[in-house]
Amino acid sequence: MVNEGDKAPDVMLVLTDGSTKKLSAFQGKALVLYFYPKDDTPGCTTEAKDFSALRGDFAAAGAEIVGLSKDTTAKHDKFIAKHDLAIALASDADGAVCEAFGTWIEKSLYGRQYMGIDRATFLIDQTGAIRRIWRKVKVKGHAEAVLEAVKGL
């Protein structure tokens, strides 16, 4: 598990175009890396649309946005097209990125325990340091709160 102030793990992201990009390749810009459970579910769709709507504001503040789940890149492509998303999505099929950031957790629903992705957001500054972490994110107003934190860098 990572904490605020730690150097972000230099994990490899698999983007929807099939390319890979190390997290360190984002240095020089701020990066909003948000983890979400599953494409095309209500909360995840709202979160992706909210970040997409503010993409220009994030770019003006010097930040890129990448959403990450365990869904495949093909599923991400469909999700992007269906909802006209304007943000990058990455696939973590093997769970390595979730493990590195401590977002693969035990969850409980109606008394049933299972493993899943914790909805969490990490604000990584221009030097690669984690400046802010939001865990157990509530979607409403979250993208706006993250944008305010980016502006404060």
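Given the structure is predicted, the values throughout are model-derived calculations rather than measurements. In what follows, residues are counted from 1 in the order of the sequence shown. Computed from heavy atoms alone, side chains included, the values below leave out hydrogens, waters and symmetry copies.
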On a heavy-atom basis, which atom in [X] and which in [Y] lie closest, and how many Å separate them?
X      : Y      : value
Asp118 : Lys136 : OD1-N, 3.4 Å
Lys151 : Ala61  : CG-CB, 4.3 Å
His83  : Asp40  : NE2-OD1, 2.6 Å
Thr127 : Asp125 : OG1-OD1, 2.7 Å
Pro37  : Ser69  : O-CB, 4.1 Å

Self-check item: CG on Asn3 to CD1 on Ile133, rounded to 0.5 Å
Solution: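 If I round to the nearest 0.5 Å, the distance is 6.0 Å.
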Practice problem: Starting at CE of Met115, measure out to CD of Glu106 and round the result to the nearest 0.5 Å. | Solution: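 Met115 CE to Glu106 CD: 6.5 Å, rounded to 0.5 Å.
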Keeping [X] on the side-chain end and [Y] on the backbone end, is there a donor-acceptor pair under 3.5 Å?
X     : Y     : result
Thr41 : Lys38 : yes
Asp94 : Ala96 : yes
Ser52 : Ala48 : yes
Asp6  : Ala8  : no
Ser91 : Asp71 : yes

Practice problem: Show which residues join Tyr114 in its hydrophobic cluster (side-chain heavy-atom contacts under 4.5 Å, direct or indirect), or state none. | Solution: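 Same cluster as Tyr114: Leu109, Tyr110.
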Quiz item: How is the hydrophobic cluster of Trp134 composed, in terms of its other members, when Ile, Leu, Val, Met, Phe, Trp and Tyr link through side-chain heavy atoms under 4.5 Å apart, directly or indirectly?
Solution: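 Listed partners: Val32, Tyr34, Tyr36, Phe51, Leu54, Phe58, Ile65, Phe79, Ile80, Leu85, Ile87, Leu89, Leu123, Val137, Val146, Leu147, Val150, Leu153.
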How about [X] and [Y]: do any of their side-chain heavy atoms sit closer than 4.5 Å?
X      : Y      : result
Thr121 : Glu47  : yes
Cys98  : Leu68  : yes
Leu33  : Phe101 : yes
Met12  : Val97  : no

Practice problem: Report the C-alpha distance between Asp10 and Ser24 in whole Å, list the side-chain angles of each, state the deciding distance to 0.1 Å, and finish with yes or no for side-chain hydrogen bond (donor to acceptor under 3.5 Å, both in side chains). | Solution: CA-CA 6 Å; Asp10 196 17; Ser24 58; 3.0 Å; yes
Quiz item: Should Val139 and Arg119 be marked as a side-chain contact (heavy atoms from CB on, under 4.5 Å) after you check the CA-CA gap, both sets of side-chain angles, and the distance that decides it?
Solution: CA-CA 9 Å; Val139 173; Arg119 188 182 306 277; 3.9 Å; yes
Exercise. Not counting sequence neighbours, which residues clear salt bridge (charged side-chain N to carboxylate O under 4.0 Å, His left out) with Asp50? List them please.
Key: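 With sequence neighbours excluded, Asp50 shows a salt bridge (charged side-chain N to carboxylate O under 4.0 Å, His left out) to no residue whatsoever.
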Over 12 non-hydrogen atoms of neighbours within 6.0 angstrom of [atom1] in [X]:
X      : atom1 : result
Lys7   : NZ    : yes
Lys21  : NZ    : yes
Lys140 : NZ    : no

Quiz item: Checking side-chain contact (heavy atoms from CB on, under 4.5 Å) for the pair Thr20/Leu13: CA distance, chi angles, key distance, verdict?
Solution: CA-CA 5 Å; Thr20 57; Leu13 301 178; over 6 Å; no
Practice problem: Please assess Glu4 against Arg132 for the test side-chain contact (heavy atoms from CB on, under 4.5 Å), listing each intermediate value before the final yes or no. | Solution: CA-CA 6 Å; Glu4 290 180 5; Arg132 183 89 189 267; 4.0 Å; yes
Self-check item: Check ion pair Asp92-Lys70 (N to O, under 4.0 angstrom)
Solution: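 So Asp92 does not pair with Lys70 through a salt bridge.
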Exercise. Look at Lys75 together with Asp39 and state whether they make a salt bridge at an N to O cut-off of under 4.0 Å.
Key: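 Looking at Asp39 together with Lys75, the answer is no, because their closest N to O distance does not fall below 4.0 Å.
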Exercise. Measure the acute angle between the ring planes of Phe122 and Phe35, then classify it against the limits of 30° and 60° as parallel, tilted or perpendicular.
Key: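 Aromatic pair Phe122/Phe35 classed perpendicular.
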Exercise. Carefully, step by step, assess Leu31 and Leu23 under the rule side-chain contact (heavy atoms from CB on, under 4.5 Å).
Key: CA-CA 9 Å; Leu31 174 65; Leu23 213 57; 3.5 Å; yes
Quiz item: If you group Ile, Leu, Val, Met, Phe, Trp and Tyr by side-chain heavy-atom gaps below 4.5 Å, do Val11 and Ile117 land in one group?
Solution: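 Linked, Val11 and Ile117 end up in one cluster.
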